Amino acid sequence: MKKLLVLLLSFLIVGMLVSSIFNMSKEENPNIPSSTPTAETQEPPLTKVNYAPIEVDNTTGFETSWYTGASDANVNLQASYNEKVINIEYPGTTLESATFFREGIPFKKGDDYIIVFDIESSVQRNVELILKNADSQEILYKQPIAIGENKQIRVEFNMDKETCWNGEFLLNIGNDGQEVTSSYHTITIRNLNIVNATDSDNSIKVNHIGYRINDQKQAVFPYSQGDSFNVIDVNTGAVVYTGAIKNKVSNSKTGEMNFIGDFTNVMTPGKYRIESQICGTSFEFEIGDHVFKTVATDLLKMLTIQRCGYDLSTDYIGDLAHASCHHTDALIYGTDQIISVRGGWHDAGDYGRYVETGVKTLSDLLFGYMANSAYFEDNLAIPESGNGISDILDEAKYELDWLLKMQTSWGEIYSKVVTPSFAGDIIPEQDNQQLYVVGSSTTTTADFVAIMALASQIYADVDPDFSNKCLEAAKLSWDYLLSSVNNGEIKNPEDIQAGEYRDSKDSDERFYAAIAMWSVTQDKLYLDIAKEVYNQDNTSAQGLSWKDIGGFGRYLYLVNENAKNDKEFYELMKTSLVNDANVLQGIAYSDGYSTALEHYSWGSNGSIADNGILLSMAYNITNEMSYRQLAIEQVNYLLGKNVLNRSYVVGYGQNSPTNMHSRLAKAKNTILKGALVGGANSDRDDALLNELGENTPAAKMYLDRYNSYSTNEVSIYWNSGLLHLILSLD
Ligand SMILES: [Ca+2]
Ligand SMILES: [Ca+2]
Ligand SMILES: [Ca+2]
Ligand SMILES: [Zn+2]
């Protein structure tokens, strides 16, 4: 009897309490939404783009983190992945008599959270949702909820207190003072998600620029509990496509779970964003035929900006306008001889000029032109626009003309033009140090032969005189090369601080040189030498980087109309290419972003572009569509579909670098628009990276800081790689 009286009394008190909270207007308690949304009501569009889900269910299917508690009540919990059924045998005397909770949720000061779950009860009743600091018991948020039939609860919460690492989600599910509550009933909770809406590292990842109409289109989601995503037309607000979030991939390179949403079927040109109830909203992007054209143009014009020894007015390069620089004669290191080596491109964030990287860059430009010669016309607003020649060939010729100056009278090629020390953060025309021509090697000599032979082929129609000049130069250096053995990598003298670009293996350069000579002359002698080089070192046909560059030779062979006449060597080259592509495919398939990179070292973005080029080459030779799709995914990575949700091309997409390591941009206090930065580097090659925690996943080892030169520098040969990739696909 006494117990019943206490019960009745507490029903009354709790009932009064609950009703007073319910009657409180939104103005009095801003934490209470004016209406509790249900699954049926349309959510207002989310305004934030970054959402990080907090793991509220473990992923093995066994529940470990959720509990029920009772003081004078009797409840038990049947929990499975994604569903918790609470049996309330006896509700106790107060709403607080029974609880359902989970601790260990971080609530960070200033961050916004979204909490979404479905709840139903076998009887109509009231419960109370509480977010609190489990250590201090301070209540952070409180909301009464009336439940019965299944409904969705959605709460938005801003953490305005000090960060609390042991936050708690709690429902008070004891006696709410209503008759019905005192009888046995169940409460079921499903699809519970707690999302940090401020965290920038976890959101829906898309290519920020866009997707071409017929390409595979995927977004990467950080989380899924069987939910779907919508593709929204930004202009009309209409949902144009709904798809499932699926294909969970555990990604060790990003430290995440990745889930994939495919919207390849959206093929109407327009501007879109992707939304999911749980993960929020992606950046906006385009679907269209020519989405990469503008970025490709600026990728090329970055090379114009890098021109050395040329007066570049604002007409051509805007804020980055600079006068002619480094045009004095250079001393040949260790001698008193001087030569004129004016011209060429500054390599990167520094003002050095290097044959190794120049030839890689030129290879990308000329192969890109071969793949897609109509892409750029004569109108890019560079100094040679309007001369009747495609501007990509004009830009390439600026470097080729410089390379010709690096040739000795006996055919050997000098390796670099540098100053004794790296310039400070000054504009190039203020760097008045003595110029030195340093070193020579068989790698740079073979590089020279390859690119001059290729240039002779490419310019034959547009500029026959130049084409002949290139071929003569190539032959002179070829003869020197044949009579020279590998003279090893070039190390800088002690009193020269410059990029080293050390390359101890010259078989790949020799292979490329021999194929390029064969390609332009069709003289079998060169092909025989290429085969000889390949037979001695079958890695000589691999690589698209400044160091290992033989892959350009391999592809140049495969696309030659006479290649198939030598069926055996053709198949050898084709198999070599396909094998390389299959290795990359394996790597890409184990990564939710389809990134074809195993190790994130210095210049990872350049490697990703190069690997994309290789996949694109494999597609062109085999017509195997999966290679092409993966090649496109490498473009997507570089333009924003990556763990950091960053476009790595300065000035393009959201969240692109603003503190790129470029002396010119720094001295001009502006950005180097159109430059691809080096990207994540798990080798910690600059001191700033030590600010990132010991366990930072490889693909997140990036800092948009000027002094993180090993992640945020620009270079001509990373730019050219992405440009070549786009040209090969577009
Ligand atoms: Ca032109
Ligand atoms: Ca090399
Ligand atoms: Ca090499
Ligand atoms: Zn210069």
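Just so you know, these numbers come straight off a predicted model, no measurement behind them. For this chain, numbers begin at 1 and follow the sequence in order. First listed ligand is number 1; within each ligand, the first listed atom is number 1.
- Among the atoms of Asp548, no N, O or S atom is found under 3.0 Å from the Ca ion (ligand 3).
- In this structure, Arg554 pairs ionically with Asp580, as a charged nitrogen and a carboxylate oxygen lie closer than 4.0 Å.
- Because its NZ or CZ atom is not both nearer than 6.0 Å to the ring centre of Tyr501 and within 45° of the ring axis, Lys416 does not count as a cation-pi partner of that residue.
- For the pair Lys360 and Phe552, the NZ or CZ position fails the cation-pi test of under 6.0 Å to the six-membered ring centre and within 45 degrees of the ring normal.
- With the Ca ion (ligand 3) as vertex, Lys505 O and Asp508 OD2 subtend 120°, rounded to 10°.
- With Tyr627 as reference, Asn582 is the one residue of Asn620, Thr622, Asn582 to meet the side-chain hydrogen bond (donor to acceptor under 3.5 Å, both in side chains) rule.
- Screening Glu399, His346, His322, Glu395 against Arg307 for a side-chain hydrogen bond (donor to acceptor under 3.5 Å, both in side chains) leaves a single residue, Glu395.
- With respect to the salt-bridge test (charged N to carboxylate O, under 4.0 angstrom), the residues Arg212 and Asp730 qualify.
- Taking 3.0 Å as the criterion, Ile549 does not count as a coordinating residue of the Ca ion (ligand 3), since none of its N, O or S atoms falls below it.
- Here the Ca ion (ligand 1) is the vertex; the OD1 atom in Asp391 and the OD1 atom in Asp378 give an angle of 80° (to 10°).
- Looking at Asp503, its N, O or S atom nearest to the Ca ion (ligand 3) turns out to be OD2.
- Not a single N/O/S atom of Gly388, whether from backbone or side chain, sits less than 3.0 Å from the Ca ion (ligand 1).
- Judged by the 6.0 Å and 45° rule, Lys397 forms no cation-pi pair with Tyr459.
- Rounding to 10 degrees gives 130° for the angle at the Ca ion (ligand 2) between O of Trp546 and OE2 of Glu509.
- At a threshold of 3.0 Å, the Ca ion (ligand 1) has no backbone or side-chain N, O or S atom of Ser385 nearer than that distance.
- Among the backbone and side-chain atoms of Glu356, an N/O/S atom is found under 3.0 Å from the Ca ion (ligand 2).
- Here OG1 of Thr304 is found 9.5 Å from CG of Asp298. Values are rounded to the nearest 0.5 Å.
- At a cut-off of 3.0 Å, Lys547 is counted among the residues with an N, O or S atom near the Ca ion (ligand 3).
- Rounding to 10 degrees gives 90° for the angle at the Ca ion (ligand 1) between OD2 of Asp394 and O of Glu384.
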